[in-house]
Student: 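Please see the structure below; I have some questions.
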Amino acid sequence: MTAALLGPGGLGEGPDLPADLQGRIAFLAAPTEVAELARDRFVALHGQAVPEEAAVIVALGGDGFMLETQHRFLGRNMPVYGMNCGSVGFLMNAFHEDDLLGRLSAAQAATLHPLRMRALDSTGALREALAINEVSLLRETRQAAKIRILVDGKVRLEELICDGILVATPAGSTAYNLSAYGPIVPLGANLLPLTPISAFRPRRWRGALLPSDAVVMFQILEPQKRPVAAVADNVEVRDIRSVEVREDRSLRMTMLFDPDHGLSERIIAEQFTV
């Protein structure tokens, strides 16, 4: 999910929103009491637009709900301004009810692209899915996975024995990728981290940074003995034989952030968290 270089750090000066947003905002809430109460208060103040016809969407919840909202509107490039009513909120703005229209007008836009996964399963069926955070391959049983890795058609690692491996977007590099000791990638770097999960052989291989236009192919070795599942965010395909992952630049997503707390700044700050 690399950032289009709209400005410094992949951020534009602001979203292309109409001057009068009253009645043109769609408020969406996670299924929690806190988020739903906040939605009801915002609707009473600003009205409620049909999401598909809104000028902007305000997503009330946590990071998981932001991902759900972005998946829902993939292909429409609806600007989404998140407000944290959840636990982590890395992709969200701080929650408070004051001056929402002013915050939306001043917000900076990060334009992002998802990863497209094409997975071939044991029946020969091809399954496609999009990932905003990462595409991960995970062993299904007690047996470690054996995976061959190709980048742009060239074998780069003949055999990786591991619990799994993932390709992350820059925004997703602070999620599962970071927990697997992968590198954090700044927005606008045009890089995708490739990170092993509990690698056994080669034990010292820590992954790679790939250009954002790279095409990664994973081939599953000994699939009957060592079954592997592929997961693109919340879509799982079991008993795979191969998986292709690439960035899909035909699809765009726009996330809106307060100027003093943009996504690029958060990703940089995360690298200095101890």
Student: Can you label the angle between the F95 ring and the F42 ring as parallel, tilted or perpendicular, going by 30° and 60°?
Tutor: perpendicular
Student: Taking the side chain as everything from C-beta on, heavy atoms only, tell me whether L166 gets closer than 4.5 Å to L137.
Tutor: no
Student: Does H113 use its side chain to pair, donor to acceptor, with the backbone of E247 at less than 3.5 Å?
Tutor: no
Student: Would you say CZ of R241 has more than 12 non-hydrogen atoms from neighbouring residues, nucleotides or ligands within 6.0 angstrom?
Tutor: yes
Student: Closer than 4.0 angstrom, basic N to acidic O: yes or no for R148 and E159?
Tutor: no
Student: I'd like to know if the side chain of N84 and the backbone of M92 have a donor-acceptor N/O pair within less than 3.5 Å.
Tutor: no
Student: Can you check whether P51 reaches L28 side chain to side chain, under 4.5 Å on heavy atoms?
Tutor: yes
Student: Quick check on the hydrophobic clustering: are F257 and M66 connected, directly or via other members, by side-chain heavy-atom contacts under 4.5 Å?
Tutor: yes
Student: Please tell me if the side chains of R226 and R139 come closer than 4.5 Å, counting only heavy atoms from C-beta onward.
Tutor: no
Student: Consider side-chain contact (heavy atoms from CB on, under 4.5 Å). Of V135, I165, I240, L157, which one does F218 pass it with?
Tutor: I165
Student: If only atom types and distance count, is the side chain of R204 paired as donor or acceptor with the main-chain N or O of R201 below 3.5 Å?
Tutor: no
Student: Looking at CD of E244 and CG of L126, how far apart are the two atoms once the value is rounded to the nearest 0.5 Å?
Tutor: 9.0 Å
Student: Could you tell me which residues satisfy side chain to side chain donor-acceptor pair (under 3.5 Å) with D233, sequence neighbours excluded, listed by chain and number?
Tutor: H71
Student: Considering residues, nucleotides and ligands other than E33, do more than 12 of their heavy atoms fall under 6.0 Å from its CD?
Tutor: no
Student: Any side-chain heavy atom of T32 sitting closer than 4.5 Å to one from F65?
Tutor: no
Student: Could you check whether any side-chain heavy atom of S173 comes within less than 4.5 Å of a side-chain heavy atom of L178, counting everything from C-beta outward?
Tutor: no
Student: Please check: side-chain N/O of D152 versus main-chain N/O of V215, any donor-acceptor pairing under 3.5 Å?
Tutor: yes
Student: Let me check something: do L130 and M217 share a hydrophobic cluster, defined by ILVMFWY side-chain heavy atoms less than 4.5 Å apart, either directly or through other members?
Tutor: no
Student: I'd like to know if the side chain of R252 reaches the main chain of G75, judged simply by a donor and an acceptor atom lying under 3.5 Å from each other, with no hydrogens or angles considered.
Tutor: no
Student: Drop me the distance from E97's CD to H46's NE2, to the nearest 0.5 angstrom.
Tutor: 8.5 Å
Student: Counting distance only, does the side-chain N/O of Q48 pair as donor-acceptor with the main-chain N or O of F27 below 3.5 Å?
Tutor: yes
Student: Is there side-chain contact between M78 and Q70, with heavy atoms separated by less than 4.5 Å?
Tutor: no
Student: Picking from T169, T195, N133, what satisfies side-chain hydrogen bond (donor to acceptor under 3.5 Å, both in side chains) with N177?
Tutor: T195
Student: Quick one: does any side-chain atom of D248 pair with a main-chain N or O of R116 as donor and acceptor, under 3.5 Å?
Tutor: no
Student: Would you say that T174 contacts V185 through its side chain, given a criterion of any heavy-atom pair below 4.5 Å between the two side chains?
Tutor: no
Student: Check for a donor-acceptor pair, side chain of D239 on one end and backbone N or O of D121 on the other, with a separation under 3.5 Å.
Tutor: no
Student: Hey, does M117 have a side-chain heavy atom less than 4.5 Å from the side chain of V243?
Tutor: yes
Student: Have R103 and H96 got a donor and an acceptor in their side chains that come within less than 3.5 Å?
Tutor: yes
Student: Taking a hydrophobic cluster as the set of Ile, Leu, Val, Met, Phe, Trp and Tyr residues connected by side-chain heavy atoms closer than 4.5 Å, whether directly or through intermediates, do L138 and I147 fall within one such cluster?
Tutor: no
Student: Check this for me, if you would: do R41 and E36 make a salt bridge, where the nitrogen-to-carboxylate-oxygen distance has to be below 4.0 angstrom?
Tutor: no
